[in-house]
Q: 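The structure under discussion is supplied below as structure tokens; questions concerning it will follow.
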Amino acid sequence: MRTTSFDYTRATSIDEALGALASGAQVLAGGQSLLQSMKLRQASPQHLVDINELDELRAVDLEDGGLRLGALTRIAELCVIAEVAAMFPSLQQAAKLTADVQVRNRATIGGNLCFANPRSNMASTLISLRAEVTVRSDGGSRRLAVEELFSGYLQTVLSSGDLLTDVHLPDPGRDARGAYREISRQPNGVPVVNVAVAVAEGRVTGIGVGGLGVRPLRARLVEEALTHVDVNDPRAVDEAAALLAGDLASTEPLSDMHGSAEYRLEAAVVLLRRLVLATTNERG
């Protein structure tokens with residue numbers, strides 16, 4: 001199906017992009033989700049502002065022991081950036097499982113987050129890593145935790161004049177490890193449910209879950225429980241993982257043709273238990 005007609009602006013500066021956004025334009029980055037939605041007439045923007053010429057949004061820099069990724073960093077680049085592999089292996093794992101190579105070559109980390117798919121493996125992994133995003137507008141800039149970016153199904157808290165410019169990954173800590181796992185109907189398909197766990201000094205520091213509710217979530221109740229138990233004890237980990245149902249209470253459960261809410265929760269608990277035991281007992 002053809003898209004509806006729209007105006008098009010290729011921005012040459014962030015200020016130009018922000019001006020267009022303030023006038024009602026919608027961002028075009030990798031376009032892997034947006035253009036498909038437009039072809040299906042699920043989205044019909046009147047004006048697109050293309051930000052692909054903005055080199056400052058491609059930067060990848062070390063930052064206070066962590067890493068700053070420009071919003072235009074391609075998912076394919078996350079698979080090969082040495083700092084990502086060394087400091088945030090779970091993010092590289094999630095990137096390698098995102099769609100196919102053609103999509104990864106175009107899709108961006110910022111665009112992936114802004115599409116707000118509750119099953120996004122990027123979102124859950126970044127949540128586990130306690131990542132934040134910078135959002136700019138004509139009125140200035142602000143920082144948000146990734147889990148605070150989402151407001152509902154395919155919805156974010158961004159207003160029409162906002163532009164997500166950077167993703168900030170904090171210092172992962174000493175002896176940092178992490179892992180990502182998903183259940184999907186086919187290899188590199190959109191996950192039915194996914195879980196990411198981050199660990200430092202043998203302690204779980206973050207858990208992100210996708211596919212349970214209408215937005216990705218941080219499993220804070222599970223994180224808190226795991227700080228008070230022996231993570232080498234499978235029974236204690238089982239009891240902590242079961243608290244994931246309480247974290248789900250903050251968002252509407254997701255149930256569709258790919259899996260019921262009950263199945264998703266049970267699958268997520270199993271994945272979470274396996275990841276916690278694997279990452280906290282990892283050696284070498």
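Below, all heavy atoms of this structure are taken into account, side chains as well, without hydrogens, waters or symmetry copies.
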Q: Would you mind checking if Arg273 and Glu239 are paired as a salt bridge, meaning a charged N to carboxylate O distance below 4.0 Å?
A: no

Q: Is it the case that more than 12 heavy atoms not belonging to Glu252 sit under 6.0 Å from its CD atom?
A: no

Q: Heavy-atom count check: over 12 atoms from other residues, nucleotides or ligands less than 6.0 Å from Asp100 CG?
A: yes

Q: Considering residues, nucleotides and ligands other than Gln46, do more than 12 of their heavy atoms fall under 6.0 Å from its CD?
A: no

Q: Are more than 12 heavy atoms, taken from residues, nucleotides or ligands other than Arg274, located less than 6.0 Å from that residue's CZ atom?
A: no

Q: Are Leu164 and Phe150 connected in a single hydrophobic cluster, I mean Ile/Leu/Val/Met/Phe/Trp/Tyr linked by side-chain heavy atoms less than 4.5 Å apart?
A: yes

Q: So, applying side-chain hydrogen bond (donor to acceptor under 3.5 Å, both in side chains) with Asn121, which one of Thr98, Asn112, Asn194 is it?
A: Thr98

Q: Does the side chain of His47 pick up a donor-acceptor pair with the side chain of Gln26 at under 3.5 Å?
A: no

Q: What about Leu169 and Ile109, same hydrophobic cluster or not, with Ile/Leu/Val/Met/Phe/Trp/Tyr joined at side-chain heavy-atom distances under 4.5 Å?
A: yes

Q: Between OG1 of Thr125 and CD of Gln92, what distance do you get to the nearest 0.5 Å?
A: 12.0 Å

Q: Any donor and acceptor pair, going by atom type alone, linking the side chain of Asn117 with main-chain N or O of Arg119 inside 3.5 Å?
A: yes

Q: Do the side chains of Arg130 and Asp171 get close enough for a salt bridge, i.e. N-O under 4.0 angstrom?
A: no

Q: So, are Arg104 and Glu77 salt-bridged, with charged N and O less than 4.0 Å apart?
A: no

Q: Any link between Leu243 and Val276 through a network of hydrophobic side chains (Ile, Leu, Val, Met, Phe, Trp, Tyr) touching at under 4.5 Å?
A: yes

Q: For the side chain of Thr280 and the backbone of Gly202, is there at least one donor-acceptor N/O pair under 3.5 Å apart?
A: no

Q: Could you grab the distance from atom CG of Leu67 to atom CG of Asp61, nearest 0.5 Å is fine?
A: 8.0 Å

Q: Is there a path of hydrophobic side-chain contacts, each under 4.5 Å between heavy atoms, that joins Met122 and Tyr180?
A: no

Q: Strictly distance-based, threshold 3.5 Å: is any side-chain N or O of Ser23 a donor or acceptor partner for the main-chain N or O of Gly19?
A: yes

Q: Working to the nearest 0.5 angstrom, can you tell me the gap between Leu48 CG and Phe6 CZ?
A: 5.0 Å

Q: Determine the minimum heavy-atom distance between Ala29 and Thr108, stating which atoms define it.
A: CB-OG1, 3.8 Å

Q: Check the pair Glu182, Leu97 against side chain to side chain contact (heavy atoms under 4.5 Å, CB included), reporting the backbone distance first and the verdict last.
A: CA-CA 9 Å; Glu182 66 180 34; Leu97 290 173; 4.0 Å; yes

Q: Do Asp238 and Arg235 meet the salt-bridge criterion of a basic N to acidic O distance under 4.0 Å?
A: no

Q: How close do Ser137 and Asp162 get, heavy atom to heavy atom, and via which atoms?
A: CB-OD1, 3.3 Å

